[in-house]
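Written below as C-alpha cells is the structure these notes are about.
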Amino acid sequence: MAEHRTPTTEKPRLARQAMCDRLAMEFQDGWIVNLGVGMPTLCSNYVDPTKSLIFHSENGAIGYGPLAAPETADRYLVNAGGQQVTAVPGMAIVHHADSFALIRKGMVDVTVMGAYEVAENGDFANWRVPGRKGGGIGGAMDLAACAKRVFVALEHTTREGEPRLLQRCTLPITAPGVVKLVVTDLGLFEVTPQGFKLSEYAPGWTVGEIQALTGAKLVAADGLREFRVRAAR
Amino acid sequence: MAEHRTPTTEKPRLARQAMCDRLAMEFQDGWIVNLGVGMPTLCSNYVDPTKSLIFHSENGAIGYGPLAAPETADRYLVNAGGQQVTAVPGMAIVHHADSFALIRKGMVDVTVMGAYEVAENGDFANWRVPGRKGGGIGGAMDLAACAKRVFVALEHTTREGEPRLLQRCTLPITAPGVVKLVVTDLGLFEVTPQGFKLSEYAPGWTVGEIQALTGAKLVAADGLREFRVRAAR
Amino acid sequence: MKNKIYRTFDEAVADIPNGSVFMSPGFGGVGIPRNILAAVNRQGAKGLTGISNNAGTVDAKVDVGTLIAAGQVKKMCCAFTATPHPSQVTAFVRMYNNGEVDAELIPQGTLAERIRAAGAGIGAFYTPASVGTELAEGKEHREIDGKVYVLEYPLHADYAFIRAWKADTFGNLQFRLTQRNFNPIMAMAARVTIVEVENDIVPMGELDPDQIHVPGVYVDRLVRIPPDGIWD
Amino acid sequence: MKNKIYRTFDEAVADIPNGSVFMSPGFGGVGIPRNILAAVNRQGAKGLTGISNNAGTVDAKVDVGTLIAAGQVKKMCCAFTATPHPSQVTAFVRMYNNGEVDAELIPQGTLAERIRAAGAGIGAFYTPASVGTELAEGKEHREIDGKVYVLEYPLHADYAFIRAWKADTFGNLQFRLTQRNFNPIMAMAARVTIVEVENDIVPMGELDPDQIHVPGVYVDRLVRIPPDGIWD
C-alpha cells in the first residue's frame with residue numbers, strides 16, 4: 001500500500017470538535033441518539049436550540065443531559081463512557097436488557113461511533129486490532145446492526161499515514177454494510193452504492209489531495225463544498 | 001366405559017374446601033404458590049401460621065394476600081381470576097412478561113389447577129372440551145410445564161358418573177407427565193411410576209368403591225389412611 | 001419536539017386504517033384501554049387483528065369484544081378462545097363458532113413473551129410451554145440441555161392501546177398495581193402507542209426517572225381521560 | 001420464612017465452592033458489588049467463571065479484576081477482553097495474553113439478553129447482533145422475515161453479586177439511576193443472589209410495590225454495607 005503513503009502535508013486538518021459538530025448538524029428534532037465512547041461524545045457539545053435530541057446510553061439512561069460539572073456531578077448517573085452526566089427532565093432509567101431491547105427494536109435514530117477502518121461497502125471495524133488478543137466490543141455490534149443510521153467519526157489516516165477509508169476492511173468488522181455517513185479530519189463522506197461520496201472537504205484541501213490519502217475511489221458529490229463548521233453562538 | 005358407571009351412592013363426598021385444605025397442607029414454608037382460577041383459589045383459605053407462603057398470580061402480583069373485603073377492596077389489585085385481593089407487606093408488582101419469566105425459570109414451587117381429566121402418567125387436561133370450539137389456556141400451559149410441582153384438584157367423576165382419573169387423557173392435554181398430587185372428592189392420590197397411589201380416602205369410602213369410580217388401576221399406599229381435614233382453628 | 005398530547009380519543013385514533021394490527025392489554029378487568037377502544041369502535045376501522053389476553057368478556061363494559069361485536073375484527077391472538085363456562089356466550093364465541101372471526105390460541109406466557117420479543121428485536125425464541133400438547137404440533141422443536149422447547153416468533157403490531165395511571169408530557173408512564181399487566185410490553189412492542197391516562201398529564205421532570213414503567217420514547221399519543229370518560 | 005439478612009459479607013459468601021459461575025454487574029464504575037467481591041477474594045474460591053460487562057479496570061478499586069489478579073478466575077464472559085488503549089494493562093489482559101485465563105467475548109446486548117434469557121427460562125433466542133462478523137462464525141444462523149439472526153443461548157450462573165440502593169427484609173430491591181445497569185437481570189438469573197445494600201434494610205411494606213426493581217423472591221442473602229465498607 002506504499003502508494004498511499006504521502007508526504008507529510010503541512011495543511012491543517014479539521015479539529016475533532018468540528019468533525020463531531022458536522023455530524024451533529026445532521027441530527028433531526030426528536031431523534032434518539034447514541035454516542036460511542038471517545039470522540040463521538042463530542043457530538044453532544046453541538047447544541048441546536050431548534051432541535052430536541054434524546055440521548056440514549058447502553059447502560060439504560062434514556063434522555064440524559066450534558067456532562068456534569070464536577071461540583072454538581074451525581075456519581076450514580078454515567079453515560080456509556082462512564083462519564084458523569086446530568087439528569088434532564090423526562091429522563092427514564094431502564095436495566096441493561098431493556099436498554100438493548102430498545103436498540104434491537106431499531107429505535108435508535110443514529111449511533112455515532114469511532115472506528116479503525118471504514119469500507120466503501122459500508123463495513124466498518126472498531127473492536128479489534130491486529131497483534132492484540134481480544135477486543136472491546138461493548139454495545140457496538142448491537143448498535144451497528146440495529147440503529148436506523150450509523151455515522152462514523154475517525155481520523156482520515158493512521159499515525160503512519162495509511163488510509164482508514166478503504167475498499168474493504170482489513171480488520172474484523174463490527175457490522176457489514178451499515179455505515180451511512182463518515183466524517184474524518186479531511187471531510188464528510190456519504191457511503192453510497194457508488195462508494196464514498198465526498199460531499200464536504202476540509203478548508204484548503206483538494207479532492208485530489210484527499211483521494212491520495214484514501215484507500216478507495218472517491219466520488220465527488222454534485223454539491224461538493226467546503227466543510228461546514230458550527231455557526232458562532 | 002360402561003363398567004365405570006356405578007349406581008348412585010348416597011355416601012357423602014369431600015367438600016371442595018376440604019379438598020383444597022388438604023393440598024394446602026402440603027405447602028411448605030417459603031413456597032411460591034400459584035393458584036388456578038376456580039376451585040384452587042380455595043387453597044388460600046387454609047392458613048397455617050407456621051408457614052409463610054408467597055402467592056403469585058400470572059398478572060404480576062408477587063406476594064399478595066387474601067381476598068379483599070368489598071368495602072376495602074382496591075380495584076387495581078386482582079388475582080389471576082380477576083378477584084380483588086389485598087396487598088400484604090413485601091408485595092411486588094411486575095409486568096406480564098416478567099411474571100411469566102418467573103414461571104418459566106421454575107420459581108413457582110407449586111401450582112394448583114383444576115382439570116377435566118388426569119392420567120396415571122401425570123398428563124392432565126384442563127383447557128378444551130370436546131364439541132366446543134376453542135379453549136381457555138390462560139397461563140396453564142406455562143405453569144404446568146415449568147412449576148416445580150403441579151397439584152390438581154377435581155371432582156372424582158363427571159356429572160354423568162364417568163371417571164376423571166384415567167389411564168390416558170381423552171381430551172387435549174395441558175402438559176405431559178407433570179402432575180404429582182391429585183385431590184378429588186373421594187381422596188388424595190399421588191402420581192407415581194406405578195400409577196395413581198391412593199394415600200387418603202374420603203371418610204366412609206373403601207378402596208374398592210373408589211377404584212370402581214376410577215378409570216385406572218389404583219395402588220393403595222403403604223400408609224393408606226382416612227382423609228385428613230383441617231384442624232379446628 | 002413533537003407534541004404528543006391529543007385533545008380527544010377520536011383525534012388520537014382517527015388515522016387507524018382498515019387491516020391494522022392492534023394490541024390491547026388488560027387482565028381481570030383492570031388496565032383495559034376502554035376509552036381508546038370505544039373511540040376505535042366509533043371510528044369504524046375494519047379488518048383489524050387483535051392481540052389481547054382474552055377476546056372480550058360477558059359484561060357490558062367496553063373492551064376488545066366491543067370491536068368484535070361490531071364486526072371490526074377479523075382475527076384475535078389470545079389465551080382464551082372459549083369462555084370458562086359454556087353458558088357465557090360472548091360476541092367473540094358466537095362469531096368464532098360461526099366462522100365470522102378467526103383466532104390463534106396462545107398460552108399466556110408465550111403470548112407475553114412474543115409481545116416482549118417484538119419490543120426487544122428478538123427474531124424468535126424457544127419456550128418450554130406447550131411442549132407435548134396439541135398447540136405445539138407443527139412447530140419446530142429443539143432439545144437444549146436435555147429439555148425440549150418449541151420455537152415461537154414475535155407478535156408485531158401497528159398500534160398499542162394503553163391505559164396508564166400517570167404520565168408526563170413526554171409519555172413516560174406509570175401503572176398502579178395489577179393495572180400494569182400487559183401494558184408495558186405492549187407499549188414497547190407496537191409501532192404507534194396510544195395511551196389513555198387516568199391522572200393529569202404532568203410536565204417532564206415530575207416523574208422520578210427511577211420509577212418509570214414505560215419510557216416516553218415508546219409513546220406517541222397521550223389523551224387525558226375526561227371526567228365523563230370511561231373510568232371502569 | 002427464612003431470614004435473608006447476613007451480618008457480614010464473609011458469612012454471605014462463605015459457602016461459595018470452587019468452580020462456581022458468578023455474575024457481577026456494574027458499568028462505568030457504578031453498581032459494582034465491591035464489598036461482595038472483596039469478600040469472595042478473602043474467601044479464596046478458585047476456578048471461578050465470571051459473567052460481567054468487563055474484566056476489571058485499571059483503577060485500584062475492588063472489582064472482578066481483583067479476583068482475576070488473585071488467580072481465582074479461570075474464565076470470563078464479557079463484552080471487553082481488551083482495554084480501550086494498549087497502554088492500559090489490567091491483570092486480566094496480562095493473564096489472558098499469557099493464557100492463564102480464558103475468555104468469551106460477547107456483544108453487550110447479547111450478553112444482557114443471554115442473562116435475561118437465563119432468568120426467564122428461555123431456551124435460546126435469535127438476535128441480529130454480530131451477524132456478518134467474526135463473532136457469529138460457527139453459530140447457527142436463521143433468516144426470519146427477511147432479516148438474518150444468530151442463535152444465542154442463556155448464560156446461567158450459580159451466584160449473582162448485586163449492589164442495591166435500597167432493600168427490604170424480604171429482598172425487594174431498588175437501584176438509583178444508572179447503578180441499575182446489569183443488576184436486575186443478574187439478580188433474576190442466578191441460582192443464589194447475594195446483595196450488598198447501601199441503605200438500611202427496611203421492614204417489608206416500606207417499599208412501594210409498584211416501584212420494585214427486583215422482587216424479593218429472587219434474592220437470597222442481604223448484607224447492609226457497614227460504615228467502613230467499600231462505598232465507591
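In the text below, chain A, chain B and the rest are named by the order of the sequence lines, each starting its count at 1.
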Heavy-atom contact with chain B under 4.5 Å, split by part of [X]:
| X | answer |
| --- | --- |
| C:Pro128 | both |
| C:Glu198 | side chain |
| C:Arg176 | both |

### Query
Taking side chain as C-beta onward, heavy atoms only, is C:Glu113 less than 4.5 Å from B:Arg104?
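A side-chain contact under 4.5 Å exists here.
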
Residues of [range] with any heavy atom under 4.5 Å of a heavy atom in chain C:
| range | answer |
| --- | --- |
| residues 174-187 of chain B | B:Thr174, B:Ala175, B:Pro176 |
| residues 140-158 of chain B | B:Met141, B:Asp142, B:Ala145, B:Cys146 |
| residues 108-134 of chain B | B:Trp127, B:Arg128, B:Arg132, B:Lys133, B:Gly134 |
| residues 73-90 of chain B | B:Asp74, B:Arg75, B:Tyr76, B:Leu77, B:Val78, B:Asn79, B:Ala80, B:Gly82 |

If we define contacts as heavy-atom pairs under 4.5 Å, which of [options] has the most with chain B?
| options | result |
| --- | --- |
| C:Ala136, C:Ala79, C:Pro184 | C:Ala79 |
| C:Leu135, C:Thr127, C:Asp232 | C:Leu135 |
| C:Gly109, C:Ala129, C:Cys78 | C:Gly109 |
| C:Gly28, C:Gly132, C:Pro107 | C:Pro107 |

Once you round to the nearest 0.5 Å, how far does [atom1] of [X] lie from [atom2] of [Y]?
| X | Y | atom1 | atom2 | answer |
| --- | --- | --- | --- | --- |
| C:Arg116 | B:Asp98 | CZ | CG | 8.5 Å |
| C:Thr178 | B:Asn59 | OG1 | CG | 5.0 Å |
| B:His96 | C:Ile115 | NE2 | CD1 | 8.5 Å |

Within the supplied structure, the quantity of interest is the number of heavy atoms (other residues, nucleotides, ligands) at a distance under 6.0 Å from [X] [atom1]; does it exceed 12?
| X | atom1 | value |
| --- | --- | --- |
| C:Asp59 | CG | yes |
| B:Lys105 | NZ | yes |
| B:Lys51 | NZ | yes |

### Query
Is the ring centre of C:Phe182 less than 6.0 Å from the ring centre of B:His95?
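Aromatic pair excluded; centres sit 6.0 Å or further apart.
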
### Which of B:Gly60, B:Ala97, B:Pro172, B:Ala101 touches chain C most, by non-hydrogen pairs under 4.5 Å
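Sorted descending by pairs with chain C, the first entry is B:Ala97.
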
### Query
Considering only heavy atoms, which portion of B:Ile173 lies under 4.5 Å from any heavy atom of chain C: side chain, backbone, both, or neither?
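Interface part for B:Ile173: both.
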
